[in-house]
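Here the structure comes first, spelled out in C-alpha cells, and everything after it is commentary.
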Amino acid sequence: MEHYIQRCCIQLTNNIEEAIRRGEKIDVKRVCGGYTMDVIAGTAFGVEVNSQKDLDHPFVRDAGTFLTDILSQGDFLLLLSKAIPVLVPFINFLVRHFFQPRGYKSFIRNVERIKEERQLEENRNKKPDFLQLMLSCEENQSPNKDRMNVLSSVELIAQASVFFIAGYESTASTLQFMAYLLALHPEVQEKIVREIKDRLGDEIPDHDGILKLKYLDSAIHETLRLYPPFYFTDRMASEEVTIKGVTIPKGAGVMIPIANVMRDPEYFPDPDNFIPERFYEGSVDPISFLAFGFGPRLCLGMRLSLLEVKMAMVHVLRRVKFVKTDDLQESLKMKPGYDLTIPDRVIAIKAVMRDIAATG
Ligand code: HEM
C-alpha cells in the first residue's frame, strides 16, 4: 500500500510541476482530489484508476458524479435526519425514490463487479485492501457461527462506499487548506522544508521516515484545527445524563460542534491564528482536538489520511514552493448549509519550482 501511495504522490508532484510550467495557478483542491481519489480507490477497492491522468475512467466518472450529488443535495436531508430522528424512515423513502444521487447506481454496480471479480480470483486473500478484508472476514466465518456477525452483500458495499466518501473529500480538503496556509505563512513552510532536509535528506518518505517529521505533523494538526473538514459530529445518549445543569434524555441526538470547540480560546489561545508550535510543544489537551472525533467511534481512516497528507507534502514541498500573491484571500468564507468545510470560491495558489525559487 505504501509503495502505491508513493506512486500517487509522484504523479501529484508532476501534475503541480506541469501547471507551473504552463504558468497556471494551482487549484489545489482539484489537483489533490485526483490524488486522494487514486489513494482511496487503490486502498479500499484495489482499483488503480489513475484519476489524476484519466478522468474518463468509468470508476472515476461515476464516483465523481455520485460525490458531487451527495455533497449538493445530501447535506440538507442528512441535517434534517439528525435534527429530527423520527423523520429518518420518511427521509430514507424520499432518498430511495426521489433524491437518489446521480451516478449512485453505476457506482454501486462498479463496486459489485469488483467484488464478484475478486470472488472468482485465485489467491484472492493476498490483496491487502479494505474490500478484501471484509470479503475474507465473510469467508472465514464458520457455518456454525452466528450469521448475525457476517456482513450482507448490501452492508459490505455500503461500508466500502462510506470509506470512499469519507476518505476522498476530507483528505483533499486538508491538503487544500494546508497549501493555502503555507502560502500565507512562508516561515512555517520553510521550517517544514528544513525539517524534511534535516531528518530525511533525500530518502523516500516511508512510514518510519514520516514519523520523524514532528513539525510537519504539528502543522497538519493546526491546519485541521482551523479548517476541520467536518464541522460537527453527533452521538445518541444511551442513558439520561445531566451535564452542567442540562439534562439530556435517553435516546436524544447530540450535535458536537467540532469547529467551534477548536476555535474556543479557553482551549486554544489566539485561536484564529495559524500556530503549529502549540502542537509541537505539546500544550494541547488531546480531548479538545476533535477534527477526527474522539473515543470508540474515532475516525477509522485517521492514520491513512495523516500518512497520505504527510507523504504528499514531503514529495511536493521538496520540489515546489507555495507563494502568497496579492489576490490570495487573507481569510476564507465557507459555503453555508453544508456540514463539510467548503470554501465559497476556488482557492487558486501560485507555486514556483524550489530550485528556481532558491536562485531567483
Ligand atoms: C483529514 C481526513 C479526515 C478527517 C478530518 C475525518 C474526520 C472524521 C470524523 C470527525 C469522524 C466522526 C468521528 C466521531 O464521531 O468520533 C469520522 C468518522 C469516520 N471516518 Fe474519517 N476523516 C478523515 C479521513 C478518513 C478516511 C481517509 C477514511 C477512510 C479511509 C475515513 C473513514 C471514516 C469512517 C469509516 C468513519 C466512521 C467511524 C465510526 O463510526 O466508527 N475517514 N471521520
Side-chain angles (χ1 to χ4, degrees), residues 1-2 4-5 8-9 28-29 32-47 51 63 67 70-71 75 78-79 82 111 128-134 137 151 155-181 210 216-238 253-263 279 286-313 334 338-342:
M1 181 176 88
E2 211 179 290
Y4 174 67
I5 302 179
C8 299
C9 287
V28 191
K29 181 69 182 296
C32 292
Y35 163 67
T36 58
M37 169 87 80
D38 283 357
V39 172
I40 200 70
T43 50
F45 304 107
V47 198
S51 70
L67 282 167
I70 284 203
L71 290 180
D75 269 29
L78 188 70
L79 280 173
K82 283 174 192 290
V111 178
D129 55 60
F130 176 67
L131 185 66
Q132 189 57 52
L133 286 175
M134 290 195 292
C137 170
L151 292 176
E155 283 167 338
L156 188 143
I157 289 169
Q159 292 299 327
S161 308
V162 165
F163 240 64
F164 182 78
I165 297 163
Y168 160 76
E169 169 71 25
S170 51
T171 311
S173 152
T174 307
L175 283 161
Q176 162 189 244
F177 291 125
M178 183 149 182
Y180 163 75
L181 286 165
I210 287 292
L216 173 64
D217 182 72
S218 308
I220 295 169
H221 279 78
E222 182 67 348
T223 302
L224 284 162
R225 181 188 72 78
L226 282 171
Y227 300 114
F230 302 101
Y231 286 124
F232 63 83
T233 184
D234 57 354
R235 295 289 186 271
M236 188 191 277
S238 54
V254 181
M255 310 281 269
I256 298 135
I258 291 178
N260 303 59
V261 171
M262 295 201 300
R263 292 249 187 170
F279 286 95
I287 200 171
S288 49
F289 177 77
L290 293 178
F292 292 104
F294 203 84
R297 303 306 296 256
L298 179 82
C299 171
L300 221 61
M302 180 176 78
R303 282 167 196 275
L304 172 64
S305 58
L306 287 174
L307 185 75
E308 252 182 286
V309 174
K310 286 179 195 177
M311 281 185 176
M313 278 295 162
M334 302 301 163
Y338 285 81
D339 57 355
L340 293 171
T341 313
I342 304 176

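Owing to the predicted nature of the structure, the values given are computational and were not obtained by experimental measurement. Order of appearance sets the numbers: ligands from 1, and atoms from 1 within every ligand.
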**Complete:** Nearest heavy atom to atom 10 (C) of ligand 1, choosing from A291, A172, S173, belongs to A291
**Item:** For atom 15 (O) of ligand 1, the option (of T36, D234, T233) bearing the nearest heavy atom
**Value:** T233
**Message:** I need the minimum non-hydrogen distance between I40 and G167, along with the two atoms involved.
**Reply:** CD1-CA, 4.1 Å
**Asked** How far apart are the closest heavy atoms of M178 and A219, and which atoms are they?
**Response** CE-CB, 3.9 Å
**Item:** Distance from atom 41 (O) of ligand 1 to nearest protein heavy atom, with residue and atom
**Value:** R297 NE, 2.7 Å
**Asked** What protein heavy atom sits nearest atom 16 (O) of ligand 1, and how far away is it?
**Response** R235 NH2, 2.7 Å
Quick check for you: to the nearest 0.5 Å, what is the distance between [X] atom [atom1] and [Y] atom [atom2]?
{"X": "I210", "Y": "L306", "atom1": "CD1", "atom2": "CG", "result": "10.5 Å"}
{"X": "E308", "Y": "T171", "atom1": "CD", "atom2": "OG1", "result": "4.5 Å"}
{"X": "E222", "Y": "I220", "atom1": "CD", "atom2": "CD1", "result": "12.0 Å"}

Show the atoms of ligand 1 that are less than 4.0 angstrom away from any heavy atom in [X].
{"X": "F294", "value": "16 (O)"}
{"X": "L304", "value": "30 (C)"}
{"X": "I40", "value": "30 (C)"}
{"X": "P229", "value": "5 (C)"}

**Item:** For ligand 1, the portion of V309 having any non-hydrogen atom under 4.0 Å away
**Value:** neither
**Asked** Can you say whether the rings of Y227 and F177 are parallel (under 30°), tilted (30 to 60°) or perpendicular (over 60°)?
**Response** parallel
**Asked** Which of parallel (below 30°), tilted (30 to 60°) and perpendicular (above 60°) describes H221 and F289?
**Response** tilted
**Prompt:** Should L224 and P229 count as side-chain neighbours, where that means a heavy-atom distance under 4.5 Å?
**Reply:** yes
**Message:** Run the side chain to side chain donor-acceptor pair (under 3.5 Å) test against R263 and tell me which residues pass, sequence neighbours left out.
**Reply:** D272
**Message:** Short of 2.8 Å from atom 21 (Fe) of ligand 1, name each protein N/O/S atom, waters not counted.
**Reply:** C299 SG
**Asked** ligand 1 and I258, any nitrogen or oxygen pair closer than 3.5 angstrom?
**Response** no
**Message:** Pairs of nitrogen or oxygen atoms closer than 3.5 Å, one from T174 and one from ligand 1: do any exist?
**Reply:** no
**Asked** Who are the ring pair (Phe, Tyr, Trp, His ring centres under 6.0 Å) partners of Y35, not counting sequence neighbours?
**Response** none
**Prompt:** Who pairs with F163 by ring pair (Phe, Tyr, Trp, His ring centres under 6.0 Å), at least two apart in sequence or on another chain?
**Reply:** F130
**Message:** Take a 6.0 Å sphere around CZ of R303 and say whether it holds more than 12 heavy atoms from other residues, nucleotides or ligands.
**Reply:** no
**Asked** Are any non-hydrogen protein atoms located under 4.0 Å from atom 37 (C) of ligand 1?
**Response** no
